[in-house]
Amino acid sequence: MGQDVARDLQEEIWREVHRAFARRRDEEGLTQAELARRMGLQRERVHYWLSRPEHMTLKAAARLLAGMDARLECRTRALEPARPPFEQAA
């Protein structure tokens, strides 16, 4: 279970960073090359992080967002308990 939860969180963070990049790309014309230049990195590194959820680390997310003048806001919430099979929604 722990591994699934960690993977889900990693994917959620990746989606948020990817959405932030897509917004900047659509609204401002930001490219991976320009983002990499701002970060002092090669474009290939930015592409690697944005290409797949499993490549995203917290450090990578923070660096990418900083390069976009953005930050990630986190919050916690209780998990919904699984319903027993006999209480499934109609």
Side-chain angles (χ1 to χ4, degrees):
M1 179 177 149
Q3 193 74 314
D4 292 338
V5 172
R7 185 175 53 244
D8 290 348
L9 179 58
Q10 184 179 30
E11 288 179 13
E12 189 172 340
I13 291 169
W14 177 83
R15 278 192 302 274
E16 289 299 319
V17 173
H18 203 276
R19 280 187 202 120
F21 176 74
R23 274 192 306 273
R24 296 289 195 297
R25 182 191 61 220
D26 295 345
E27 295 171 4
E28 303 166 14
L30 182 65
T31 64
Q32 289 183 4
E34 173 59 20
L35 180 55
R37 187 195 64 74
R38 292 180 187 181
M39 298 170 65
L41 299 172
Q42 297 292 318
R43 187 203 62 83
E44 291 78 9
R45 173 56 52 189
V46 170
H47 174 76
Y48 176 81
W49 286 332
L50 291 174
S51 66
R52 299 187 59 142
E54 58 269 19
H55 296 165
M56 185 63 62
T57 64
L58 287 175
K59 186 174 182 179
R63 291 179 73 186
L64 288 164
L65 290 167
M68 293 184 272
D69 297 321
R71 61 175 266 194
L72 183 65
E73 293 184 2
C74 298
R75 62 184 171 84
T76 60
R77 64 181 179 269
L79 296 176
E80 294 182 22
R83 292 183 180 180
F86 59 87
E87 290 185 22
Q88 292 181 355

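For the numbers below, each heavy atom of this structure counts, side chains included, while hydrogens, waters and symmetry mates do not. Fair warning: this is a prediction, and the values are worked out from it, not measured in the lab.
Contact detail for Pro53 and Glu11: the closest heavy-atom pair is CB-CG, 3.6 Å. In terms of heavy-atom proximity, Arg63 sits nearest to Leu41 at NH2-CD2, 3.4 Å. Between Met56 and Gln10, the closest heavy-atom pair is O-NE2, 2.8 Å. Between Val17 and Met68, the shortest heavy-atom distance links the atoms O-CE, 4.1 Å.
Side chains of Leu64 and Val46 form a contact here, defined as non-hydrogen atoms less than 4.5 Å apart.
Of the inter-residue distances, the one linking Gln42 atom CD with His47 atom NE2 reads 14.0 Å to the nearest 0.5 angstrom. Taken to the nearest 0.5 Å, the CD1 atom of Ile13 stands 6.0 Å off from the CG atom of Leu72.
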Run Trp49 and Leu35 through side-chain contact (heavy atoms from CB on, under 4.5 Å) and show every step you take.
CA-CA 12 Å; Trp49 286 332; Leu35 180 55; over 6 Å; no

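In this structure Arg37 satisfies the salt bridge (charged side-chain N to carboxylate O under 4.0 Å, His left out) test together with Glu34, sequence neighbours excluded. Residues passing the salt bridge (charged side-chain N to carboxylate O under 4.0 Å, His left out) test with Glu73, sequence neighbours excluded: none.
Annotation: cation-pi pair Arg24/Phe21 absent, no NZ/CZ under 6.0 Å from the ring centroid and within 45° of its normal.
The environment of Leu9 atom CG is dense: over 12 non-hydrogen atoms of other residues, nucleotides or ligands sit within 6.0 angstrom.
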